[in-house]
Amino acid sequence: MVVQTESLLYSPEEYLKLEETAEFKHEYRDGDIIPMSGGTTNHNQIAGNDYFQLKLALRGQKYRLFIGDVRLWMPEHRLYTYPDLMVIKGDVIYHENRTDTVLNPLVIVEVLSKSTGSYDHGDKFKYYRSIPEFQEYILIDQYQYSVEQFVKTETGKWQVSFCESADSILTLSTIDFSINLTDLYEQVNFEQSEE
């Protein structure tokens, strides 16, 4: 005998209500609620290093930086997610006046893990490209010196470049900011077998 089970789909409103009391963060994908994997110390160190250096470089300018706990809504794909780092230029556009959910990042940074790397490169990048303000995507490998930089050109195409050694310098195209990979990866231990 075959027993069919229906998958339970949630409305965005149900998801947001559940997320308010959830112990761990979840992504919302068009009705499905997916638990987000926990981060590693390397993941956290890289995201923190990037945030710190960006915050210093952009101090006094009209940019806002958000790390990890601020949600992003992409209405075209009915997707809520939590990027590792977002940079917003000018005013923050909030989703339905919720100060925990934004709509308009210029730059998104993701620190890659074994469990999310393919998703961050593939579908998630496709979803992010639906955001009109989105111009630059940075993917940082937590297991080796390796950063991928995707920049949207004036013609709407995305160009990719790579930084793959400790002495490389990542220079953003949409913001006046550069960082040595040694600073980005400060205190990261590649020998850890975390995740």
Side-chain angles (χ1 to χ4, degrees), residues 24-25 27 36-72 81-92 100 102 104-122 124-125 127-129 131 133-154 157-195:
F24 303 101
K25 295 184 289 189
E27 190 170 85
M36 296 183 71
S37 62
T40 64
T41 55
N42 280 350
H43 183 286
N44 189 271
Q45 189 70 50
I46 293 165
N49 290 343
D50 198 24
Y51 175 84
F52 175 75
Q53 296 292 339
L54 270 164
K55 186 73 172 166
L56 285 176
L58 300 177
R59 190 172 177 180
Q61 298 180 50
K62 294 188 183 260
Y63 292 97
R64 297 285 303 275
L65 277 71
F66 299 104
I67 190 167
D69 289 332
V70 174
R71 198 170 27 244
L72 173 62
T81 192
Y82 296 86
D84 289 323
L85 178 65
M86 292 184 283
V87 180
I88 293 176
K89 183 177 181 179
D91 294 330
V92 177
D100 58 358
V102 301
N104 62 321
L106 172 71
V107 178
I108 296 175
V109 178
E110 294 285 8
V111 179
L112 302 176
S113 67
K114 290 176 182 156
S115 63
T116 64
S118 293
Y119 176 53
D120 289 338
H121 277 99
K124 199 171 195 183
F125 185 26
Y127 302 147
Y128 286 159
R129 291 193 306 264
I131 301 166
E133 296 84 356
F134 179 52
Q135 299 291 312
E136 193 158 8
Y137 190 39
I138 308 298
L139 296 170
I140 305 170
D141 191 319
Q142 67 175 296
Y143 308 105
Q144 61 184 334
Y145 288 107
S146 180
V147 177
E148 296 171 71
Q149 177 182 25
F150 296 86
V151 178
K152 189 175 183 180
T153 67
E154 290 180 9
K157 296 186 187 310
W158 287 85
Q159 292 181 333
V160 63
S161 58
F162 303 91
C163 296
E164 296 181 321
S165 66
D167 59 352
S168 295
I169 297 173
L170 171 65
T171 301
L172 297 189
S173 293
T174 54
I175 296 171
D176 184 15
F177 174 76
S178 294
I179 186 171
N180 293 313
L181 262 58
T182 52
D183 292 333
L184 182 62
Y185 284 92
E186 182 184 6
Q187 295 186 339
V188 170
N189 181 355
F190 293 126
E191 295 178 11
Q192 290 177 339
S193 59
E194 296 180 278
E195 213 260 320

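What you see below is based on every heavy atom in this structure, not just the backbone, and it leaves out hydrogens, waters and symmetry mates.
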Atom of [X], atom of [Y] and distance for their closest heavy-atom approach:
X      : Y      : answer
Met36  : Glu27  : CG-N, 3.8 Å
Glu164 : Ser168 : N-OG, 3.5 Å
Tyr185 : Asp141 : OH-O, 2.6 Å
Tyr82  : Asp69  : CE2-O, 3.6 Å
Glu133 : Asn104 : CD-CB, 3.5 Å
Tyr143 : Leu112 : CE1-O, 4.1 Å

Legend entry - Distance in Å, Gln149 CD paired with Ile140 CD1, rounded so as to fall on 0.5 Å steps: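 Reported to 0.5 Å precision, the distance equals 10.5 Å.
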Quiz prompt | Distance (rounded to the nearest 0.5 Å) between Gln45 CD and Glu186 CD | solution =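 Going from CD on Gln45 over to CD on Glu186, the span is 7.0 Å.
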Is it the case that more than 12 heavy atoms not belonging to [X] sit under 6.0 Å from its [atom1] atom?
X     : atom1 : result
Phe52 : CZ    : no
Lys25 : NZ    : yes
Gln61 : CD    : yes
Arg64 : CZ    : no

Could you tell me if the side chain of [Y] sits less than 4.5 Å from the side chain of [X], heavy atoms only?
X      : Y      : answer
Glu110 : Tyr128 : yes
Val92  : Phe66  : yes
His43  : Asp84  : yes
Leu181 : Leu170 : yes
Asp167 : Tyr145 : no
Leu85  : Ile138 : no
Leu139 : Phe150 : yes
Gln53  : Leu184 : no

Point to revise | Candidate pair Phe125 and Trp158, rule ring pair (Phe, Tyr, Trp, His ring centres under 6.0 Å), full reasoning | key: CA-CA 11 Å; Phe125 185 26; Trp158 287 85; 5.2 Å; yes
**Study point:** Side-chain donor or acceptor of Thr116 paired with backbone N/O of Asp120 under 3.5 Å
**Key:**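 Side chain of Thr116 to backbone of Asp120, a donor-acceptor pair under 3.5 Å: no, none is there.
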**Request:** May I have the step-by-step check of side-chain contact (heavy atoms from CB on, under 4.5 Å) for Gln135 and Ser173, ending in yes or no?
**Result:** CA-CA 9 Å; Gln135 299 291 312; Ser173 293; over 6 Å; no
Report the C-alpha distance between Phe177 and Asp50 in whole Å, list the side-chain angles of each, state the deciding distance to 0.1 Å, and finish with yes or no for side-chain contact (heavy atoms from CB on, under 4.5 Å).
CA-CA 11 Å; Phe177 174 76; Asp50 198 24; 4.1 Å; yes
Gln142 and side-chain hydrogen bond (donor to acceptor under 3.5 Å, both in side chains): which partner among Thr41, Thr40, Asn42?
->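 Output: one option passes, namely Thr40.
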Handout entry: Test side-chain contact (heavy atoms from CB on, under 4.5 Å) applied to Val107 and Leu54, step by step
Key = CA-CA 11 Å; Val107 178; Leu54 270 164; over 6 Å; no
- Answer yes if the side chains of Glu136 and Thr174 hold a donor-acceptor pair under 3.5 Å, and no otherwise.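 Distance-only check passes for Glu136 and Thr174.
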| request: Please test Ile108 against Leu72 for side-chain contact (heavy atoms from CB on, under 4.5 Å), starting from the C-alpha separation and ending with a verdict. | output: CA-CA 10 Å; Ile108 296 175; Leu72 173 62; 3.9 Å; yes
Cation-pi check, Lys124 onto Tyr137 ring (under 6.0 Å, within 45° of axis)
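Not flagged: Lys124 not positioned over aromatic ring of Tyr137.
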